[in-house]
Amino acid sequence: MVKIKLNSKEIILENKKSLLSILKDLNLIEECSIVLKNGKILSCDEKINEDDEIEILTFGWEKL
Amino acid sequence: MKCHICKGKGSIELKHHNLKICEECFLIFFKKKVEKTIKKLKLFERDERLLLALSGGKDSMGLWHILSELNYNVDGLHIDMGFGELSVKTKEKIEELSKILNKKLYIINLKEEIGYDLKELSKFTKRVPCSLCGLVKRYFMNEIALKENYSAIITGHNLDDEATTLLKNVLRWELAYLGRQTPLLEKMDGFVKKVKPYIFCYEKETLLYAIISKIPYSKDSCPYSLNSKNKNLKMAFHILEHTSPGIKLNFMKLFLKNRDFFVPFRERELKDLVKRCIYCGYPTDREICALCTILERSKNEISTGK
C-alpha cells in the first residue's frame with residue numbers, strides 16, 4: 001500500500017510500484033501532473049516503497 | 001534515467017523538447033529559455049522599469065523569481081478581489097516573496113477602490129465573475145503602471161493558457177481576438193506595453209520551476225475557475241500533447257508566424273478606441289469606459305435606495 005497526497009486529498013493505492021502505474025490508476029497522464037517522492041521529482045524509472053511520501057500535483061485535469 | 005546535460009541521475013522528462021534532465025540542470029535550462037524568449041521577441045530591456053501582475057500562483061510568483069535572478073528591474077502588483085480567507089493566505093505568500101526578492105509590491109483592494117468585491121460586483125452587474133475580473137485587472141494594472149511610470153506590464157500567462165485561448169478563438173473564429181493575441185502588445189496612447197515572457201513555457205515547466213526553486217506560492221485555485229469552459233480545452237490539449245509531444249508549442253509558434261493575417265481585424269476594432277472616458281480618461285469607444293459605467297450605475301442605485 002502507498003499513501004498518496006493528490007493535490008490536497010489523501011488517498012491510498014495498493015501495490016503501486018512506479019510512477020506510471022500510479023498515474024494509470026488515477027486516470028492521469030504525465031502531461032498534466034508532477035509526482036514528488038519525499039519532496040523530490042519522481043522519475044519514471046524509480047521504484048516506490050511503502051514508507052515513501054508521495055505527492056501528486058495536477059493542473060488542468062481536475063474534472064477527472 | 002540519465003540527465004542529457006550533466007550525465008548524472010535525471011528525474012524530469014520533457015518530451016516536447018526530447019530532453020531528460022536533472023533538477024539542477026532544469027533550473028539553468030528554464031532560466032535560459034525564458035531569457036531567450038525575452039530577447040528573441042524583444043519583450044523588454046534590462047534598463048526598463050517593469051511591473052509584474054501577481055495572482056499569487058506558481059506562474060506569476062515563479063516569473064518574479066526568474067526575472068529577479070536575471071537582474072531585470074521588476075516590481076509586483078497584486079489585486080485583491082475579496083475572496084475572504086483565500087485572499088488573506090495568497091497575500092501572505094506574495095508579501096513573503098516580495099521580502100525574499102527585496103522588490104516593491106503594490107496591493108490594490110477592489111472593495112476599497114470601487115466599493116464592491118468581485119462576488120458583489122458580479123451580483124450587482126449580473127455579469128459573470130471571469131469577465132469582470134479581467135476588466136477590473138486590466139484597468140488597475142494599466143492605471144498603476146501609468147501612474148508609477150512603468151514601461152511594461154508583465155503577466156504570467158504560460159503556453160497552456162495561451163494555446164487554450166488560441167484554440168478557443170479559432171473554434172469561434174474570433175478574428176479580432178486572434179489579431180489581438182500576442183506576447184507583445186505594444187504601448188498605445190493611454191495603454192502601457194503588455195508582455196508575456198512565459199509564452200513558450202509549458203505549465204508543467206512553470207510548476208517544476210516553482211517547486212524545485214522552493215518559491216512560496218498559493219496552491220489554491222480561483223473559486224470561479226471550476227466553472228471555466230477553458231478547462232475542458234486544456235484537458236483536450238493535454239491528451240493531444242500526450243500522443244503528439246510538442247503539438248502545443250508548434251500550434252503557438254506557427255500562429256505567431258502567421259499572426260499578421262489577423263492584425264487588420266484588430267486594427268478595425270482599434271479605430272473605434274479614439275475617445276477618452278469623461279470620468280477617468282481611460283481610452284474607450286464610448287463616452288464612459290466599461291468600469292466607470294458600472295460604478296456610475298452603482299452610485300445611482302445607492303442614491304435612489306435600490
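In what follows, chains are A, B, ... by sequence order, proteins preceding strands, each numbered from 1.
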Please flag which part of B:Lys15 lies under 4.5 Å from any non-hydrogen atom of chain A: side chain, backbone, both or neither. side chain
Heavy-atom contact with chain B under 4.5 Å, split by part of A:Glu30: both
Enclosure of B:Tyr177 OH (heavy-atom neighbours >12, cutoff 6.0 Å): no
So, the side chain of B:His238 versus the backbone of A:Ser33: is there a donor-acceptor pair under 3.5 Å, distance only? no
Determine the option with the most heavy-atom pairs under 4.5 angstrom with chain B, choosing from A:Asp45, A:Ile34, A:Leu42. A:Ile34
A:Leu36 versus chain B, heavy atoms under 4.5 Å apart: side chain, backbone, both or neither? side chain
What part of A:Ile41 lies closer than 4.5 angstrom to a heavy atom of chain B: side chain, backbone, both or neither? both
More than 12 heavy atoms of other residues, nucleotides or ligands under 6.0 Å from NZ of B:Lys194: is that the case? yes
Per-residue contact mode, B:Glu241 against chain A (heavy atom under 4.5 angstrom): both
Which distance, rounded to the nearest 0.5 Å, do you find between the OG of A:Ser43 and the CD1 of B:Ile21? 13.5 Å
Can you tell me how far SG of A:Cys44 sits from CD1 of B:Ile12, rounded to the nearest 0.5 angstrom? 11.5 Å
What pairs of residues pass the side-chain hydrogen bond (donor to acceptor under 3.5 Å, both in side chains) test when at least one of them lies in residues 2-14 of chain B, not counting sequence neighbours? none
Within a reach of under 6.0 Å around NZ of B:Lys119, are more than 12 heavy atoms found that belong to other residues, nucleotides or ligands? no
Counting heavy atoms not belonging to B:Glu69, are there more than 12 under 6.0 Å from its CD? yes
Residue-level interface, residues 76-92 of chain B with chain A, non-hydrogen cut-off under 4.5 Å: none
Reported OG1-to-CZ distance for the pair B:Thr206 and A:Phe59, which is rounded to 0.5 angstrom: 7.5 Å
Chain A interface, residue from B:His16, B:Met1, B:Lys234 that has the most non-hydrogen pairs under 4.5 Å: B:Met1
Contacts table for residues 207-219 of chain B: side-chain donor-acceptor under 3.5 angstrom, sequence neighbours left out:
unit_1: B:Tyr209; atom_1: OH; unit_2: B:His65; atom_2: ND1; d: 2.8
unit_1: B:Ser213; atom_1: OG; unit_2: B:Tyr209; atom_2: O; d: 2.9
unit_1: B:Ser218; atom_1: OG; unit_2: B:Asp220; atom_2: N; d: 3.3

Indicate whether the side chain of B:His242 and that of A:Glu31 have a donor and an acceptor atom separated by less than 3.5 Å. yes
Once side-chain hydrogen bond (donor to acceptor under 3.5 Å, both in side chains) is applied, do any residues pair with A:Glu55, and if so which ones, sequence neighbours excluded? none
Would you find more than 12 non-hydrogen atoms of other residues, nucleotides or ligands less than 6.0 Å from A:Asn49 atom CG? yes
